[in-house]
Student: 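For reference, the structure I am asking about is given below.
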Amino acid sequence: MRTEVPVSGGFVTVYASSPLGEPRGRCLVGAPFGLPASALAIVERHLVDAGFSVMRFDPRDHVGAGSGEMADYRISTVTEDCSELIDLLQPTCVLAISMGAKAALRALADGEHHADAVLVTPVVSVRDTLRAILGADWFAVDHGEVPDPMLVLDHEIRAVQFRRDCELHGLVDLEGTIVDLLATPGRVRVVAGSHDPWVDRHAVRRALSLIEGRGRMTVVPAVTHLLHLDPDLAVRMIDAAVEQIIDLHAARPPS
């Protein structure tokens, strides 16, 4: 079922599906940068087959069926959309991928609803990931020196606006992720690639160590960050994420 949900300044589009019988839990699923929710249909199928209700969504100012345009992409906007949906849909778990994981974690840290998180190849330092992609640290130069617009993974982004947004909301470096992890009330599971060139799994592990008892990481052999370009890897990552979601719900009382 497809539904447009009004949010501040526009709307997000939610795609919902449920298993036969009583669901084991409710999973809100956020897409990575540059991919629409339709690209996560395989995630939905795996979760529904495992007995979960699933709500995928297209945020504002992104590709897909949300309002706005990709050029205005900002992590804080995705965070706001995720927060709105968490409050509305009351998921038991939030599954997010890559840059979407940064937004989901902030939404969980800032909100009041208690949900667990499963983060796949999560960007924990926007600075480091963009430096790996673009070959330069565009957070280290004057705003006037930043190419604007900037091409990121085949998408033109208003780069100065994006950078200012990251700086304003404390989304630039690993330290911001650590603050969010400490503030997130639920458990956090990470599925990381062993040799992901854009996300340092050792940095992820160090951050998770600060919430010992609530954080855990599974490492999947991988040499790329872009799961949609490696279908076999994508299936392995999804299987690992679904295993974590099942495990998290095994300890949850029915809701």
Side-chain angles (χ1 to χ4, degrees), residues 1-7 11-32 35-60 62 64-66 78-98 100-122 180-181 183-191 211 214-216 218 234-235 237-255:
M1 181 176 67
R2 169 176 167 161
T3 306
E4 290 183 0
V5 179
V7 293
F11 62 88
V12 301
T13 299
V14 177
Y15 305 86
S17 59
S18 297
L20 296 174
E22 187 70 21
R24 302 167 70 166
R26 301 176 303 280
C27 296
L28 180 66
V29 178
L35 286 181
S38 60
L40 302 181
I42 184 175
V43 178
E44 178 182 87
R45 289 196 298 272
H46 280 241
L47 284 169
V48 170
D49 287 347
F52 293 93
S53 293
V54 180
M55 297 84 71
R56 295 175 287 140
F57 74 97
D58 279 321
R60 292 171 293 161
H62 196 242
V78 183
T79 298
E80 291 170 5
D81 294 347
C82 194
S83 295
E84 291 272 1
L85 293 177
I86 289 171
D87 290 343
L88 175 67
L89 301 173
Q90 300 283 289
T92 53
C93 181
V94 177
L95 169 63
I97 303 169
S98 188
K102 186 82 168 171
L105 187 62
R106 173 60 59 87
L108 289 167
D110 287 349
E112 297 181 359
H113 177 66
H114 187 122
D116 295 318
V118 174
L119 311 177
V120 179
T121 62
D180 290 340
L181 282 169
T184 299
R187 296 165 293 178
V188 179
R189 301 288 174 86
V190 169
V191 180
I211 57 166
R214 290 195 295 116
R216 186 185 303 174
T218 298
V235 170
M237 286 284 191
I238 293 166
D239 285 344
V242 172
E243 286 179 10
Q244 294 304 314
I245 292 171
I246 291 171
D247 183 63
L248 287 167
H249 284 77
R252 265 184 174 268
S255 58

Student: Backbone N or O of V7 within a donor-acceptor pair of the D81 side chain at under 3.5 Å?
Tutor: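 Not a single qualifying donor-acceptor pair exists.
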Student: Let me confirm one number: the CG-CG distance from L28 to L108, rounded to the nearest 0.5 Å.
Tutor: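 Rounded to the nearest 0.5 Å, the CG-CG separation comes out at 9.0 Å.
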Student: About how many Å separate CG of D247 and CZ of R216, when rounded to the nearest 0.5 Å?
Tutor: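 Taking CZ in R216 and CG in D247, the distance rounds to 5.5 Å.
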Student: Using a 4.5 Å cut-off on heavy atoms from C-beta on, say whether the side chain of L95 contacts that of L40.
Tutor: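 When only atoms from C-beta onward are counted, L95 and L40 do not touch, as no gap falls below 4.5 Å.
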Student: Going by atom types alone, do H113 and D87 pair a side-chain donor with an acceptor below 3.5 Å?
Tutor: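 Checked: H113/D87 side chains show no N/O donor-acceptor pair below 3.5 Å.
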Student: Under a 3.5 Å distance rule, please check whether D58 uses its side chain to pair with a backbone N or O of P36 as donor and acceptor.
Tutor: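 Checking the backbone N and O of P36 against the side chain of D58, no donor-acceptor pair under 3.5 Å is found.
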Student: Enter the distance from T3:OG1 to L88:CG here, rounded to the nearest 0.5 Å.
Tutor: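 One finds 9.5 Å between OG1 of T3 and CG of L88.
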Student: Roughly how far apart are R189 CZ and E243 CD, rounded to 0.5 Å?
Tutor: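 One finds 11.5 Å between CZ of R189 and CD of E243.
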Student: Can you name the closest pair of heavy atoms from A65 and Y15 and give their distance?
Tutor: CB-OH, 3.4 Å
Student: List the residues meeting side-chain hydrogen bond (donor to acceptor under 3.5 Å, both in side chains) with T13, not counting sequence neighbours, and say none if there are none.
Tutor: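 Applying side-chain hydrogen bond (donor to acceptor under 3.5 Å, both in side chains) to T13 gives none.
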Student: Quick check: do E84 and V12 have side-chain heavy atoms less than 4.5 Å from each other?
Tutor: no
Student: Taking all non-hydrogen atoms of both residues, which atom of I86 and which atom of P91 are closest, and how far apart?
Tutor: O-CD, 3.5 Å
Student: Could you please spell out the steps behind the side chain to side chain contact (heavy atoms under 4.5 Å, CB included) verdict for M55 and L85?
Tutor: CA-CA 9 Å; M55 297 84 71; L85 293 177; over 6 Å; no
Student: Please check if the side chain of R56 supplies one atom and the backbone of A37 the other of a donor-acceptor pair under 3.5 Å.
Tutor: yes
Student: Are any of the side-chain heavy atoms of P122 and L105 separated by less than 4.5 Å?
Tutor: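 Result no, sub-4.5 Å side-chain heavy-atom pair not found.
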Student: Which heavy atom of A240 sits nearest to which heavy atom of T218, and what is that distance?
Tutor: CB-CG2, 4.5 Å
Student: What's the separation between atom OG in S83 and atom CD in E112, rounded to the nearest 0.5 Å?
Tutor: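 That separation rounds to 11.0 Å.
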Student: Donor-acceptor pair, R214 side chain versus V188 backbone, under 3.5 Å?
Tutor: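 A pair under 3.5 Å: no.
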Student: Please report the closest heavy-atom contact between A103 and V78, naming both atoms and the distance.
Tutor: CB-CG1, 3.7 Å
Student: Where do V242 and A50 come nearest, in terms of heavy atoms and distance?
Tutor: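 It is CG1-CB, 4.0 Å.
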Student: Could you tell me which non-hydrogen atom of H249 sits nearest to which non-hydrogen atom of C93, and how far apart they are?
Tutor: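 Heavy atoms of H249 and C93 come nearest at CE1-CB, 3.6 Å.
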Student: Could you work out, with salt bridge (Lys or Arg N to Asp or Glu O under 4.0 Å) as the rule, every residue matching R106, not counting sequence neighbours?
Tutor: D180
Student: Can you find a pair of side-chain heavy atoms, one from S53 and one from P19, that are under 4.5 Å apart?
Tutor: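 Answer yes - side chains close enough.
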Student: Report the residues that fulfil side-chain contact (heavy atoms from CB on, under 4.5 Å) with S17, sequence neighbours left out, ordered by chain and then residue number.
Tutor: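 Expected list: E44, V48, V54.
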Student: Hey, could you give me the CG/SG distance between L89 and C82, rounded to the nearest 0.5 Å?
Tutor: 10.0 Å
